[in-house]
Amino acid sequence: MSLDLVTIFVVTVFVTGICGLLLLYSWLLSRNTIALALWAAGYFIASIGTMLVVARDVIPTIWSIEIANALIAFAYGLVWSGARSFNDRRTPVSLILAGALVWLVACQVEAFYASPQARATLMAAVVVGYTVLCAFEFWRARDHGLKSRWPIIVFLLLHAAVYLTRTLQPGLLPLANGAQGLSGGVAALAFEWMFVAVCAAFLFTHLARERIELRYKHASVIDPLTSVANRRAFIEDGARLLRRIGVEQRDAALLSFDLDRFKQINDTLGHHAGDQVLCAFCDVAVSALRPGDLFGRLGGEEFACLLPHITLPDALQVAERIRAQFVATPLDLGAGPHGTTVSIGVAMSTESDHDLARLMVAADRALYRAKAKGGNCVEPRQARFVRHDGAVAGTRRYHPQLAARAGSATKRPHTTVPASDFRLLENVRPLCRKLLANMPPQFSSTANKSLREANRRLDVALENMSQGLCLFDPEGRLVLCNERYIQMYRLPREEVKPGRTIRELLALRQANGTFVGDPDEYSANLRTRIADGRTFSSVVEAADGRVTVIVDQPIKGGGWVATFEDVTERRRIEAQIAHMAHQVIHLNRTAIAGVLSASFAHELNQPLGAILSNAETAEVLLADNPLNVDQLKEILADIRRDNQRAGEIIKQLGALLKKGDEIELQEFDLNDTVRCALHLLDHEAATRGVVLRANQAHAALPVRANMVHLQQVILNLAMNGMDAMACCDRRSRKLTLETALAGDADVEASVSDSGTGIPADMLERVFDAFVTTKPQGTGLGLSIARTIIEIHGGKIWAENRPEGGAVFRFTLPLAKTA
Amino acid sequence: MISAAPVIHIVDDDASFRTAVARLLRACGYQVALYESARRFLERPPGDEPGCLLLDVRMPGLNGPELQARLAETGGPLPIVFLTGHGDIRMSVRAIKAGAEDFLSKPVSRKTLIEAIKRALARQEETRERKLRLDSLRALVAALTPRESEVFALIVRGKLNKQIAYELGTSERTIKAHRHAVMQKLKVRSFAQAVSIAERLGMLPETGGGENISQT
């Protein structure tokens, strides 16, 4: 086969140039990688140099030999400097040009220039030198983790080897072949050159890209501030590490860290100081760890560390060392000692549990205990617990609430059942092992895993319900029940088993007094209703005063679900609230009675005065002879009448002062109430210089309400009105009470004053509690008025009158007398 | 000139109380007149006869103190005893300062009420008597001839007969005769008694001159 050398060289020139373009393009895409530009330049220059070599027949030898080879040497220098630049090393221009300069200087020596062999040897030396340096440069940065570097090194070394061989064994690849000029050896070299150039160019671009990707990847797993693993990296790597430890059946410890009073530092000394503290802590922690330990920042001032192959005492020691060193770390924050300490929670994984999320929750709980102790301490996780009410169930559901939430909420402490409700698992652990060993093999297969998970979740939900729950089959036999049900009715645990009938359960309850009635009758009745598809709900008050709401709900396919809710406490609170509302209403009435005391005294003294005078008249008349019996009779009748009148007044006062929790409704004419209120207000109005007017409907206005409460409303409104006029001119103080029919279903009453009116923005709010426009007001009167009116199904509102002053109106439903 | 039993005027809006007090006072021998409001009282004001006013403080329309003020303007002679269902100190002080005889709280016992009424009537009687006495003295003085009046005015200032004679441009003997007539007409026996009359009628220098005697 004969090859046309010129063609081969031309192809080489083009290929080299195209590789140069490729590298240039790569550089344009990522300008930060200067190496690419240097490489591109090297390729272009090499391309030009080769082109000059090819043109040796048509151009002067100074170009085709001296300049061409100098350019090629320079190109190698550039490629080498590119490799250095890739490793962030600068290269002096003199060194890049060194090869070319040596060549040019050597060419000035006559003897050298005359010997093609000598020239070839020197060039080969230059090429080998730069190539080996280049390979060394890539090898030097081998721990940067870029995979493409290895083929590059191989290619470069191969290239160097080829040239070296040519220098040492010139005969193997003869330089010249007779008069033709360039020999087949040169052609082989050109091929080798082309091959290396293409591969190197490809690998260079790939290398650059790989490094960029690596940097992004790095940035996604490394916390930029502290340069430790970030949350995601920690959780991914930690889970992997734990799985491996699980396979090896060894233990690991998880340390959870939280810097105490970190927020204070941030708030008082600035975020820069906070950053410094975080970095200092990472330095301390990282220096205290072993090579295989995993440390990461979970966020904010929370860190975690996974220590594989360690025992609890050692883990505690590591934690304690970190804590102590951190406290002792001097920090220059510009304002005294940093005062930050670290709290550490330590949790151990065990042979049976290598779940990172659970481990993190456990460590977190320990951490919060450490925090609760005041910080700056190391707390191990407490021994595992199980609910004392069912050893077997408990082992299967180790910390069920936590496990269920572990995925999402690893940071918050969970308050579950108080610790006093737990007993150490250690006592039942052997039993669990035995049970697990006896389980059928398919139980642990992956196919059943999701089913088990679903069951476990159901258990968690059932056991954490605040209501008691039972599921019965169509025959009335218990399918399942939760712990709450057993506790609520203080049932003997061993007696409550699936298959028990509703009747038997009722009998058990009857025995301990939590069920009153006949179990046979009740269960029969219940089953009939359920069979009819009806929901059966009842409120039951037990002998011990506990009130329970029971709902029996039929379910599809037969059977029913019974829920038991203890509402004793809710009832008690509701009653308390109602009682307090009554207290407030009563207090308001007492206050009204206090204000009206003068009025009452005045009203009462009229009949009392009349009675006294009449009695004394009778005494005088008794001395007469003969007795004037008719007049005495008249006097006695008057005394009786006045006595009744006094009684009425005292009754009114009593009603105002009376404390009653029940609202007694009665039907009466609203006009009477207004009249009565007017009477009580009469004296007060006169004392305050207020002219009291009434404008009442002629028709009766029957309402069904509590008379005292309505009177209280009217008195409140009237007194408000009088207060509003306190600073008005004495002659213009008018208070008008009106009643009227409103539509055909309501009655309306209004109290209008001629005072200053209500600011527009207060119109809506005056009825809110503690909102008042008066300097001495408590802000309760109107709020109470509204409460009372709303209790009676009415509405109350305030308006400003166009002629000045305010009017308060309320409506009440008209009582149906028919 | 003394009329029959005094009339007690009761002004109170509370019918029951009004009736009861009226009954009591009648039983105690008083004449009573009843009014359900101050306006009613003003419609038929009582004359000069003795009596007193039992007045409720708080009434619709014109109230007690307002009626008191109205009566003071017209110079009514009735003493006022206030009766109130619920009074305070301020109210009572104001009423007393305005000339009320008493201020009582309901219910009021017969003893207290009758005592208050008696006191009021006694005060009124005393005032009436004093007035009657003065009126009779005035009548005596008015009966003197102009010359005798001149002589009387000078006598009570302690002037001697001859001084008087000199002042009036007549003889000492004539003055002596006038003086005798004056003593007779005034029904006094001594010079001191005559001076006393002059003093009671306010004819002595510090209360004015003798010129006013006939006018008062």
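The figures that follow rest on heavy atoms only: side chains count, while hydrogens, waters and symmetry mates do not. Note that the coordinates shown come from a computational prediction; the quantities given were computed from them, not determined experimentally. Chain A is the first sequence line, chain B the second, and so forth, proteins listed ahead of strands; every chain is numbered from 1.
- A salt bridge links A:Arg688 to A:Asp723: at least one charged side-chain nitrogen sits closer than 4.0 Å to a carboxylate oxygen.
- For A:Ala686, the part lying near chain B is the side chain, with the backbone staying farther off; criterion is any non-hydrogen pair under 4.5 Å.
- For B:Lys106 and B:Asp14, the salt-bridge test fails: no basic side-chain N is under 4.0 Å from an acidic carboxylate O.
- For the 3.5 Å distance criterion, the side chains of A:His679 and A:Glu603 qualify, holding a donor opposite an acceptor.
- Looking only at heavy-atom pairs under 4.5 Å with chain A, the residue among B:Ala27, B:Cys28, B:Gly85 that has the most is B:Gly85.
- Salt bridge B:Glu126/B:Arg130: present, at least one basic N to carboxylate O contact under 4.0 Å.
- Within the 4.5 angstrom heavy-atom criterion, atoms from both the backbone and the side chain of A:Leu608 approach chain B.
- Both the backbone and the side chain of A:Asn614 come within contact range of chain B, judged by heavy atoms closer than 4.5 Å.
- A salt bridge links B:Arg147 to B:Glu150: at least one charged side-chain nitrogen sits closer than 4.0 Å to a carboxylate oxygen.
- Of the atoms belonging to B:Ser109, heavy atoms from both backbone and side chain fall under 4.5 Å from chain A.
- Residue B:Val108 touches chain A through its backbone alone, counting heavy-atom pairs closer than 4.5 Å.
- A:Arg675 has no carboxylate O lying under 4.0 Å from a charged side-chain N of A:Asp669, or vice versa, which leaves the two without a salt bridge.
- Residue A:Ile635 touches chain B through both its backbone and its side chain, counting heavy-atom pairs closer than 4.5 Å.
- Residue with the most contacts toward chain B among A:Thr617, A:Ile611, A:Leu621: A:Thr617 (heavy-atom pairs, distance under 4.5 Å).
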